[in-house]
Amino acid sequence: MAGFAIRLVGVQHAYGATDDVGEVTALEQIDLSIPSGSFAVLMGPSGSGKSTLLNLIGAVDRPSSGSVFLDDTDIARASERELTLLRRSDIGFVFQFFNLIPTLSVEENIGFPLALAGSSRERITSRTREVLRQIGLEPREKHYPNQLSGGEMQRVAIGRAVVHRPRLILADEPTGNLDSRTGEQILDLLRAVHEAHESTIVMATHSERAASYGDLIIDVIDGTAAPRIAGT
């Protein structure tokens with residue numbers, strides 16, 4: 001199944017005032033299109049709004065105003081149940097700090113999304129073994145996160161994100177906690193996953209090197225977003 005086409009129309013997002021600070025505007029009037037099957041990169045410094053934008057695309061947050069479309073569905077108007085099912089079945093997340101479950105083995109962490117969705121034991125085993133081969137961690141399947149290197153943990157996180165064959169993969173600074181050599185290996189893996197499954201990938205980064213792996217760059221600066229073709 002092809003990846004989602006993503007479209008944001010008039011999106012604004014603000015964080016409410018607290019006792020210490022007033023309302024903070026994170027995104028201002030974003031109009032943006034990401035074609036189905038793209039490897040898009042949200043490029044910008046820390047605090048620019050790229051993680052907020054990623055969370056809106058991934059149905060983790062709702063915009064203060066505007067619409068966020070995955071294909072023809074405006075997820076800003078969807079119910080919480082609909083969003084939960086969407087995240088569970090069609091979206092995979094890769095985080096900077098891995099977010100693995102420490103009490104689960106490598107294979108159990110990878111298979112967790114399928115278990116959560118109520119998949120059969122046979123399907124979980126089959127998909128997990130397929131992903132273990134893809135990420136090159138078959139010899140480590142019984143190990144736990146504290147027995148892995150940072151690069152291996154990120155490979156497990158990518159495996160967990162793709163095991164249910166999502167139409168959209170979101171990666172938030174996936175190399176930010178890794179050395180440059182390991183980071184490139186992770187980017188190579190993300191690119192290979194993209195080519196194998198034709199999912200839409202949206203990756204947030206502040207690294208020019210990481211951004212070079214995408215085919216569409218979206219510069220996120222002070223809450224605004226401007227797309228450009230990679231290499232320009």
Side-chain angles (χ1 to χ4, degrees), residues 3-36 38-87 90-99 161 166-177 190 200-230 232:
F4 281 119
I6 302 165
R7 186 163 54 95
L8 283 73
V9 181
V11 166
Q12 298 187 62
H13 193 66
Y15 295 101
T18 68
D19 292 339
D20 299 317
V21 296
E23 184 177 86
V24 176
T25 299
L27 297 173
E28 299 184 39
Q29 201 62 32
I30 303 292
D31 294 298
L32 180 66
S33 293
I34 299 174
S36 170
S38 296
F39 191 142
V41 177
L42 306 179
M43 177 73 182
S46 182
S48 61
K50 60 185 186 296
S51 291
T52 300
L53 187 53
L54 202 69
N55 286 339
L56 295 179
I57 292 170
V60 175
D61 291 332
R62 296 179 188 267
S64 301
S65 62
S67 295
V68 180
F69 290 95
L70 297 183
D71 287 346
D72 296 324
T73 300
D74 184 358
I75 59 177
R77 307 287 181 270
S79 69
E80 286 301 324
R81 174 172 170 73
E82 288 170 331
L83 294 181
T84 297
L85 293 174
L86 174 69
R87 290 190 296 265
D90 283 320
I91 302 177
F93 296 89
V94 181
F95 305 96
Q96 178 178 350
F97 295 104
F98 321 132
N99 287 7
R167 299 180 62 193
L168 173 62
I169 299 169
L170 302 175
D172 194 0
E173 298 280 5
T175 63
N177 205 34
L190 276 174
T200 302
I201 294 182
V202 183
M203 177 177 71
T205 185
H206 64 273
S207 164
E208 290 282 358
R209 176 60 181 154
S212 70
Y213 279 73
D215 46 47
L216 174 66
I217 310 296
I218 300 161
D219 292 310
V220 183
I221 302 172
D222 296 332
T224 66
R228 58 183 165 94
I229 302 300
T232 62

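Excluded from the calculations below are hydrogen atoms, water molecules and symmetry mates; all remaining heavy atoms, backbone and side chain alike, are included.
The ring pair (Phe, Tyr, Trp, His ring centres under 6.0 Å) check on Phe4 picks up nothing, with sequence neighbours excluded. Under the side-chain hydrogen bond (donor to acceptor under 3.5 Å, both in side chains) criterion, Thr52 pairs with Tyr15, not counting sequence neighbours. Partners of Ser51 by side chain to side chain contact (heavy atoms under 4.5 Å, CB included), not counting sequence neighbours, listed by chain and number: Asp172. Checked against side chain to side chain contact (heavy atoms under 4.5 Å, CB included), Glu80 has the following partners two or more places apart in sequence or in another chain: Arg62, Leu83. For Phe95, the side chain to side chain contact (heavy atoms under 4.5 Å, CB included) partners are Phe93, Asn99, Arg160, not counting sequence neighbours. Scanning for side chain to side chain contact (heavy atoms under 4.5 Å, CB included) contacts around Ser79 gives Arg81, Glu82, with sequence neighbours left out. The salt bridge (Lys or Arg N to Asp or Glu O under 4.0 Å) search around Asp222 returns none, not counting sequence neighbours.
For residues 24-36, every residue pair satisfying the side chain to side chain donor-acceptor pair (under 3.5 Å) rule, not counting sequence neighbours, is listed here: Gln12-Gln29. The salt bridge (Lys or Arg N to Asp or Glu O under 4.0 Å) analysis of residues 42-58, with sequence neighbours excluded, yields the pairs Lys50-Glu173.
With a 4.5 Å cut-off on side-chain heavy atoms, Leu168 and Asp90 do not count as touching. In this structure, the side chains of Val60 and Leu170 stay at 4.5 Å or more apart for every pair of heavy atoms. Residues Ile57 and Leu8 have side chains in contact (heavy-atom distance under 4.5 Å, counting atoms from C-beta outward). Inter-residue side-chain proximity for Met43 and Thr205 is flagged as met; some heavy-atom pair is nearer than 4.5 Å. A 4.5 Å side-chain heavy-atom check between Ser48 and Ile221 finds every atom pair outside the cut-off. In this structure the side chain of Leu216 reaches within 4.5 angstrom of the side chain of Pro35, judged on heavy atoms.
The nearest pair of heavy atoms linking Pro166 to Gly92 is CB-N, 3.7 Å. Taking all atoms of both residues into account, the shortest heavy-atom contact from Ile217 to Ala211 is CD1-O, 3.2 Å. Scanning all heavy atoms of the two residues, the minimum distance from Ala225 to Leu53 falls at CB-CD2, 4.5 Å. Of all the heavy atoms in Ala204 and Pro174, the pair that sits closest is O-CD, 3.9 Å. In terms of heavy-atom proximity, Pro63 sits nearest to Leu56 at N-CD2, 3.5 Å. Nearest heavy atom pair, residue Ala161 against residue Val94, reads CB-CG2, 3.6 Å.
Summarising the geometry, atom OH belonging to Tyr213 is positioned 9.5 Å from atom OG1 belonging to Thr175; distances are rounded to the nearest 0.5 Å. Expressed to the nearest 0.5 Å, how far CD1 of Ile34 lies from CD1 of Ile201 amounts to 12.0 Å. Atom CG of Asn177 and atom CZ of Phe98 lie 4.5 Å apart (nearest 0.5 Å). For the atom pair Thr224 OG1 and Ile218 CD1, the distance stands at 12.0 Å (nearest 0.5 Å).
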Per-pair distances, 0.1 Å, donor-acceptor, side chain in residues 66-73, under 3.5 Å, sequence neighbours excluded:
from, atom 1, to, atom 2, distance (Å)
Ser67, OG, Asp74, OD2, 2.9
Asp71, OD1, Ala5, N, 3.0
Asp71, OD2, Arg167, NH1, 3.4
Asp71, OD2, Arg167, NH2, 2.7

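Put simply, the residue from Leu42, Val41, Ile169 that forms a side chain to side chain contact (heavy atoms under 4.5 Å, CB included) with Val202 is Leu42.
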